[in-house]
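Accompanying notes for the structure given below.
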Amino acid sequence: MTDNIGIARVFSDIRDLLEIKGANPFKIRAYRNAADIVGHMAESIADLTDADIRSIPGIGKDLAAKIRELVDTEALVYFDELRQEFPASILDMLRLQGVGPKTAEILYAELGIETLEELESDATEGRLRQLKGMGAKKEELLLRSLAEHRTRVGRHLIGRADAIATRLTEHLRTAAPDVTIFPIGSLRRGCETCGDIDLLAVGATDALMSHFVRFPDVERVLGQGRTKSSVLLRGGVQVDLRVVASESAGAAAQYFTGSKAHNIAVRDLALQRGLKLNEYGLFRVADGEYVAGASEADVYAALGLAYVPPELRKHRGEIEAAANGNLPRLIERSDLRGDLHSHTTATDGKADVETMATAARAAGLEYLAVTDHSQALAMANGLDERRALDHAKRIREVSSTLEGITLLAGIECDIRADGTLDLADDCLTELDLVVASVHSAFGQDEHQMTDRLLRAIESPMVDIIGHPTGRLLLRRAPYKLKLEPVFDAAARTGVAMEINSQIHHLDLSDSHARLARERGVKLVISTDAHAPTAFNLLRWGVTTARRAWAEPGDVLNTLPLDAFRASLRRHRVDE
DNA sequence: GCCGTTTTCGGCCCGACTGTTTTCAGTCG
């Protein structure tokens with residue numbers, strides 16, 4: 001309850017309740033902002049001193065005291081008192097499309113509606129239309145929202161959102177081949193999950209909007225106008241399309257890409273310079289004169305900022321860096337020379353060594369570590385010492401026959417519950433590289449899991465920790481784990497931390513990877529490929545690394561093969 | 001509730017779409 005996510009949820013609920021109460025909107029914003037800050041911090045806020053907490057921008061005296069109370073008592077008197085004023089389920093209603101704080105308040109105050117079930121029956125029986133501002137259409141909308149609420153998962157993995165955006169963009173291009181169309185919003189920022197998909201079309205016509213709402217997967221048109229239309233696709237994904245004129249293209253892209261926190265800060269900066277920024281452009285406040293807007297770079301430049309890559313737009317120091325010329329040279333997909341985590345038919349992969357190697361080469365890679373599972377993963381037909389060594393021999397034979405790519409004989413070795421490795425050292429030492437991963441006993445407490453990883457890191461056999469927190473996006477939370485000591489041990493021993501590029505992993509996460517970097521840990525970006533098509537997933541690992549401010553020098557598999565080998569823990573001489 | 005080389009008070013980012021209220025409030029992003 002008092003981890004960062006729990007505290008963020010409390011602040012978020014307070015925000016919603018204050019909205020229903022009609023409190024001071026800037027107080028509401030302060031809570032929303034605090035929920036965002038705490039929810040995205042990599043460090044555990046419970047471990048920070050009062051002074052540290054107080055020094056976080058956006059956390060003042062009052063919120064710092066509330067955080068302290070939550071950490072120390074696992075409760076918050078203010079929150080409990082606020083909750084007393086409303087039925088517990090009123091917050092559920094806010095999650096419905098078309099229900100905001102005013103509507104939720106009226107439904108409760110006027111009709112005594114406390115639950116979604118009561119809302120459904122009152123709407124079905126036509127009792128809502130007697131309320132001010134409500135009519136038959138609003139009732140219909142709420143009934144649809146209720147039905148959709150039950151089926152919608154809410155958020156979508158970035159890979160899925162990207163695939164949908166690509167198909168939809170192709171659909172739009174058939175009607176308007178010359179119009180520039182690209183994703184904005186969370187998808188463009190590379191967020192690991194997207195709540196909806198936003199697209200921007202530059203210089204499009206009304207005909208494009210009509211074509212948009214006729215996309216075959218559209219289940220329902222939520223709204224259609226000249227500049228904005230929204231549709232709900234089968235499967236529960238909402239897509240918004242916005243249309244702007246070309247002189248506003250950059251301003252609109254900047255505006256709708258967000259994040260909200262980044263935009264507020266940028267607009268604040270504009271105001272300090274006597275300028276006003278909206279989706280149409282950057283204008284002088286004094287006379288309304290247009291200053292910039294055709295490209296994002298123009299907008300940032302007019303504000304004295306270097307162009308800020310979308311992945312960095314989180315209001316986590318990027319604006320200061322852009323002002324001072326200190327933005328990182330972010331890693332790109334083309335910087336990667338190798339992939340360090342892959343599987344074959346020897347265990348649970350779908351293709352043999354040759355096929356995987358050829359696919360990796362076709363993806364532009366110069367080396368590939370084949371790292372099949374170890375024996376503990378019996379259901380994956382994991383390798384024991386004997387099979388592991390035979391497999392290594394086979395991998396090296398295949399490698400010697402291939403041009404243009406080198407194979408490394410590795411293993412993804414299980415870290416057992418007690419932190420020991422699943423294969424004997426005299427086997428592991430024969431291999432080129434060892435990725436050590438947790439695949440069992442996920443339920444250990446924080447102390448056990450932290451010690452388990454620390455022990456693995458201390459083993460001289462281990463080069464890389466695979467998917468270090470074990471999370472599965474939208475499915476499973478990370479293990480309970482203290483990352484700071486793990487990162488510090490990794491930095492000291494030269495063990496690299498993986499960013500796993502599978503879209504349900506993306507583990508390390510962006511904020512964890514940033515924390516790792518800041519503590520001196522080297523990263524690797526790997527696919528965990530189980531099939532030859534998987535090498536294109538590297539882009540998502542790169543996106544995550546970019547959101548972690550990673551430069552090529554932070555990531556070991558940007559190195560040429562010889563330098564990469566020398567950088568591995570097993571070959572380091574400075575321990 | 002936060003914040004401060006104009007400030008410890010008085011500011012705090014902005015616009016489109018919908019439905020129903022014929023001039024605008026609510027929701028959303």
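Take A/R517 and apply the salt bridge (charged side-chain N to carboxylate O under 4.0 Å, His left out) test, not counting sequence neighbours, and it matches A/D554. Remark: A/R316 pairs with no residue by the salt bridge (charged side-chain N to carboxylate O under 4.0 Å, His left out) rule, at least two apart or across chains. By the salt bridge (charged side-chain N to carboxylate O under 4.0 Å, His left out) test, A/D62 pairs with A/K66, sequence neighbours left out. A/R234 meets the salt bridge (charged side-chain N to carboxylate O under 4.0 Å, His left out) test with no other residue; sequence neighbours excluded.
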Please test A/H467 against A/H505 for ring-ring contact (aromatic ring centres under 6.0 Å, His included), starting from the C-alpha separation and ending with a verdict. CA-CA 7 Å; A/H467 42 72; A/H505 276 305; 5.0 Å; yes

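One atom, CD of A/Q130, and another, C1' of B/dT20, lie 16 Å apart when rounded to the nearest Å. Look at CD1 on A/I37: it is 15 Å from P on B/dG1, rounded to the nearest Å. Atom CG of A/L76 and atom P of B/dG1 are 11 Å apart (whole Å). Protein atom CD1 of A/I14 is 11 Å distant from nucleotide atom C1' of B/dG1, rounded to whole Å. Rounded to whole angstrom, the span from the CG atom of A/L128 across to the P atom of B/dT20 amounts to 11 Å. At whole-Å resolution of the value, CZ in A/F26 and P in B/dC14 are 10 Å apart. Remark: P of B/dG1 and NZ of A/K21 are 11 Å apart, rounded to the nearest angstrom. In this entry the distance linking CG of A/L271 with P of B/dG11 reads 14 Å, nearest Å.
Taking atom P in both B/dG11 and B/dT7, the straight-line distance is 14 Å, to the nearest Å. Look at the C1' atom in both B/dC14 and B/dC9: the space between them is 25 Å, to the nearest Å. Distance noted for atom C1' between B/dG15 and B/dT22: 22 Å (whole Å). Rounded to whole Å, the C1' atom of B/dT8 lies 14 Å from the corresponding atom of B/dG1.
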Restricting both atoms to N or O, compile the protein contacts to nucleotides 2-7 of chain B shorter than 3.5 Å, with distance only.
from	atom 1	to	atom 2	distance (Å)
B/dC2	OP1	A/G60	N	2.6
B/dC2	OP1	A/G60	O	3.3
B/dC2	OP1	A/L63	N	3.1
B/dC3	OP1	A/G58	N	2.7

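Residue contacts for A/A251: at a heavy-atom cut-off of 4.0 Å it reaches no nucleic acid atom on any strand shown. A/R226 comes within 4.0 angstrom of the backbone, heavy atoms only, and of no base.
Glycosidic conformation of B/dT7: syn, with the torsion inside 90° of 0.
Classification of A/E192 and A/R155 as a salt-bridged pair fails, no side-chain N sitting under 4.0 Å from a carboxylate O.
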Reading nucleotides 23-29 of chain B from 5' to 3' and marking B where a protein heavy atom lies under 4.0 Å of the base, S where only the sugar-phosphate is that close, and - otherwise, the string is ---SSSB

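In terms of heavy atoms, A/I525 sits closest to A/S501 at CG2-OG, 3.6 Å.
In this structure, A/R9 forms no cation-pi arrangement with A/F11, as its terminal cationic atom is not both closer than 6.0 Å to the ring centre and no more than 45° off the ring axis. Geometrically, A/R242 does not engage A/F182 in a cation-pi contact, judged by NZ or CZ lying under 6.0 Å from the ring centre and within 45° of the ring axis.
Looking at A/E139, its side chain never comes within 3.5 Å of a backbone N or O of A/G135 through a donor-acceptor pair.
Remark: B/dT8 base-pairs with no nucleotide; criterion is Watson-Crick or G-U wobble with both hydrogen-bond distances under 3.5 Å.
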